[in-house]
Trainee: 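Have a look at the structure that comes next, please.
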Protein chains: 2
Amino acid sequence: MWLPIDPRSPKPVYQQVVDAVKEAVAKGMLEPGDRMPAVRELASQLTINHNTVARAYQELERDRVIEVLRGRGTFIATSRPCPDRDARVRAVAARIRELLIEAHHLQMNEEELLELFQVTLREWRQERRQAQA
Amino acid sequence: MWLPIDPRSPKPVYQQVVDAVKEAVAKGMLEPGDRMPAVRELASQLTINHNTVARAYQELERDRVIEVLRGRGTFIATSRPCPDRDARVRAVAARIRELLIEAHHLQMNEEELLELFQVTLREWRQERRQAQA
DNA sequence: CGCGTGTACCGGTACCACTGGTACACATAG
DNA sequence: CTATGTGTACCAGTGGTACCGGTACACGCG
């Protein structure tokens, strides 16, 4: 398994692992039931510490992206609703609000932002198609 | 001047100041030419350190939100393009991508996210109308 | 039992945010 | 000129977090 980790990024390494796994699942590169490498093994592959991988796994389990079975391993979970789904949807709305503010300071009106949204959506679908091939 | 600062938030205080000012400007609550409080004065009002306010002001000046005149004060800038505008637009697109990934894990398809976008846009316009009144 | 798994510590390093304080450079008013 | 108000630049110190390297524990399975 390979994940794009950049130790010089301002984003914490464990967060990079979390985001990369979420993206791989969203793209269909990782499917429910797939086995994740052991903490020490993935740490070795990414040349980072096992504790850092463990923290990423804990966050991914909290978000119901993976399932952890003590002594057996960790696996990609079958999609099911999160207990705090409503709160996370509201968090998404808050991030959209941030985009509206940012767009204003870039002298971009709401219609242009909406168009950027749709362009990005098309690119995302394209990426996902290629990833599954 | 009042800004919603939460010292217990994981978001750095200086960043909260930056975001709050940007939001106030985007809403029209602060207009070009308006004077900002002095660093020590705003620090006193928010019960934070003047260095923290100074850092926020520097970031706001870098983003062309305010204009700083040594010895005179700081003022809301007239909107004008940023030198690194393209990079910031690309950053917005990257944040949209993150929303698409998050939406997938919330079992929300792209159409639902688009609808959430439009609903949030309507709410944003509503807020802005009230703020300007 | 032995092995592989996730988990939980610990000590230590490094970086960053924030505070409190002081000092400096500049613009303006008296 | 001085005095005042401004942004800016330091510094030392504190607290929190990310990360590392190491060790140890608890569980599932063969």
Side-chain angles (χ1 to χ4, degrees), chain A residues 1 3-22 25 30 32-78, chain B residues 1 3-22 25 30 32-78:
Chain A
M1 165 160 308
L3 299 176
I5 301 302
D6 176 13
R8 287 159 307 182
S9 166
K11 183 192 291 187
V13 176
Y14 80 93
Q15 191 66 51
Q16 294 183 49
V17 175
V18 169
D19 292 346
V21 171
K22 283 187 177 179
V25 172
L30 290 174
D34 284 357
R35 192 175 193 279
M36 289 292 293
V39 275
R40 293 171 182 79
E41 185 185 346
L42 183 54
S44 172
Q45 292 177 13
L46 303 179
T47 62
I48 60 179
N49 192 272
H50 57 152
N51 288 316
T52 305
V53 176
R55 175 159 183 186
Y57 277 16
Q58 286 174 346
E59 190 134 331
L60 285 167
E61 189 193 22
R62 190 172 54 74
D63 288 354
R64 302 291 194 274
V65 177
I66 62 177
E67 284 177 346
V68 172
L69 290 86
R70 276 271 276 273
R72 293 199 53 206
T74 78
F75 306 84
I76 304 298
T78 64
Chain B
M1 165 160 307
L3 299 175
I5 300 302
D6 177 13
R8 288 160 305 185
S9 166
K11 183 193 289 187
V13 176
Y14 78 92
Q15 191 67 51
Q16 294 183 48
V17 175
V18 169
D19 292 346
V21 171
K22 284 186 178 180
V25 172
L30 290 175
D34 284 358
R35 190 173 193 282
M36 290 292 292
V39 277
R40 294 171 181 81
E41 185 185 345
L42 183 54
S44 172
Q45 292 177 14
L46 303 178
T47 63
I48 60 180
N49 192 273
H50 60 253
N51 288 314
T52 306
V53 177
R55 175 160 183 186
Y57 277 16
Q58 287 173 344
E59 191 135 332
L60 285 167
E61 189 192 23
R62 191 173 52 74
D63 289 353
R64 303 288 194 276
V65 177
I66 62 177
E67 284 178 347
V68 173
L69 289 86
R70 274 271 276 276
R72 292 200 53 205
T74 77
F75 307 84
I76 304 299
T78 63

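Protein chains get the first letters and strands the later ones, always in sequence-line order, with residue 1 at the start of each.
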Trainee: With rounding to the nearest 0.5 Å, note down the distance linking CE in B:Met1 to CG in B:Asp34.
Mentor: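 With rounding to 0.5 Å, CE (B:Met1) is 8.0 Å from CG (B:Asp34).
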
Trainee: I want to verify a distance call: between D:dC19, C:dT5, C:dA8, whose nearest atom is closest to the A:Val13 side chain?
Mentor: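 Of D:dC19, C:dT5, C:dA8, D:dC19 is nearest to the side chain of A:Val13.
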
Trainee: Under 4.0 Å from OP1 or OP2 of D:dG5: is there any side-chain N or O of B:Arg72 that close?
Mentor: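 So the side chain of B:Arg72 is outside the cut-off, no N or O lying under 4.0 Å from OP1 or OP2 of D:dG5.
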
Trainee: Between B:Glu61 and A:Gln16, which is nearer to the 5' end of DNA chain D once each is assigned its nearest nucleotide?
Mentor: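 First, find each residue's nearest nucleotide; the 5'-ward one identifies B:Glu61.
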
Trainee: Just the rounded figure in Å: distance from C1' of D:dC19 to CZ of A:Arg55.
Mentor: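 Value for this atom pair: 10 Å.
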
Trainee: Can you tell me how far C1' of C:dC15 sits from NZ of A:Lys11, to the nearest Å?
Mentor: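 Nearest whole value for this atom pair: 19 Å.
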
Trainee: Without decimals, in angstroms, what is the distance between A:Leu60 CG and C:dG6 P?
Mentor: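 To the nearest whole Å, that distance equals 13 Å.
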
Trainee: Please evaluate the base of C:dG21 for a donor-acceptor partner in the side chain of B:Asn49 within a cut-off of under 3.5 Å?
Mentor: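 Such a pair does not exist between side chain and base.
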
Trainee: Tell me whether the side-chain N or O atoms of B:Arg40 pair up with the base of D:dT8 as donor and acceptor below 3.5 Å, since no angle test is needed here.
Mentor: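 Answer yes: a donor N or O sits under 3.5 Å from an acceptor.
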
Trainee: Taking atom C1' of C:dG6 as reference, at what distance in whole Å does atom CD1 of A:Ile66 sit?
Mentor: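 After rounding, the reported distance stands at 10 Å.
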
Trainee: Can you list everything that forms a salt bridge (charged side-chain N to carboxylate O under 4.0 Å, His left out) with A:Arg62? Sequence neighbours excluded, please.
Mentor: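 If we apply the salt bridge (charged side-chain N to carboxylate O under 4.0 Å, His left out) test to A:Arg62, skipping adjacent residues, the hits are A:Glu59.
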
Trainee: Phosphate oxygens OP1/OP2 of D:dA9: is one of them under 4.0 Å from a side-chain N or O of B:Gln58?
Mentor: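 Yes, B:Gln58 has a side-chain N/O under 4.0 Å of OP1/OP2 on D:dA9.
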
Trainee: Does any N or O donor sit under 3.5 Å from an N or O acceptor when you compare the side chain of A:Asn51 with the base of C:dC9?
Mentor: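 Indeed, a donor on one side and an acceptor on the other fall under 3.5 Å apart.
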
Trainee: Quick one: does any side-chain atom of B:Asp63 pair with a main-chain N or O of B:Val65 as donor and acceptor, under 3.5 Å?
Mentor: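 The answer is no, because no donor-acceptor pair under 3.5 Å joins these two groups.
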
Trainee: How close or far is atom P of C:dG21 from atom CD1 of B:Ile48, stated in whole angstroms?
Mentor: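 Rounding to the nearest Å, CD1 of B:Ile48 and P of C:dG21 are 16 Å apart.
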
Trainee: Mind calculating the distance between CZ (B:Arg70) and C1' (D:dG7) to the nearest angstrom?
Mentor: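 That distance rounds to 6 Å.
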
Trainee: Just call it for B:Leu69: base, sugar-phosphate, or nothing, with non-hydrogen atoms closer than 4.0 Å on any strand.
Mentor: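 Counting heavy atoms under 4.0 Å across all strands, no contact is made by B:Leu69.
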
Trainee: Output the single nucleotide from D:dG7, C:dG6, C:dA8 whose closest atom is nearest the side chain of A:His50.
Mentor: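 Nucleotide nearest to A:His50's side chain: C:dA8.
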
Trainee: Using whole Å, what does the distance between atom P of nucleotide D:dT8 and atom CD of B:Glu67 come to?
Mentor: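 About 13 Å, once rounded to whole Å.
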
Trainee: Which comes earlier along DNA chain C counting from the 5' end, the contact point of B:Pro12 or that of A:Ala54, where each point is its nearest nucleotide?
Mentor: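 The residue closer to the strand's 5' end, by nearest nucleotide, is A:Ala54.
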
Trainee: Under 4.0 Å from OP1 or OP2 of C:dA17: is there any side-chain N or O of B:Tyr14 that close?
Mentor: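 Yes, B:Tyr14 has a side-chain N/O under 4.0 Å of OP1/OP2 on C:dA17.
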
Trainee: List the steps, then state whether side chain to side chain contact (heavy atoms under 4.5 Å, CB included) holds for B:Gln16 with B:Leu3.
Mentor: CA-CA 9 Å; B:Gln16 294 183 48; B:Leu3 299 175; over 6 Å; no

Trainee: Ignoring backbone atoms, establish whether B:Thr52 has a side-chain N or O less than 4.0 Å from OP1 or OP2 of C:dT19.
Mentor: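 Affirmative; the distance criterion is met.
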
Trainee: Relative to the 5' end of DNA chain D, which residue comes earlier, A:Gln15 or A:Gly71, by the nucleotide with the nearest heavy atom?
Mentor: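 By nearest-heavy-atom nucleotide position, the 5'-most residue is A:Gln15.
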
Trainee: Looking at every heavy atom in both B:Arg35 and B:Gly73, which two are closest together, and how far apart are they?
Mentor: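 The pair with the smallest heavy-atom distance is NH2-CA, 4.0 Å.
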
Trainee: Give the rounded distance in Å between these two atoms: CE of B:Met36 and P of D:dG7.
Mentor: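 Computing the B:Met36:CE to D:dG7:P distance gives 10 Å.
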
Trainee: Looking at CZ of B:Arg55 and CG of B:Leu60, how far apart are the two atoms once the value is rounded to the nearest 0.5 Å?
Mentor: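 B:Arg55 atom CZ to B:Leu60 atom CG measures 12.0 Å (nearest 0.5 Å).
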
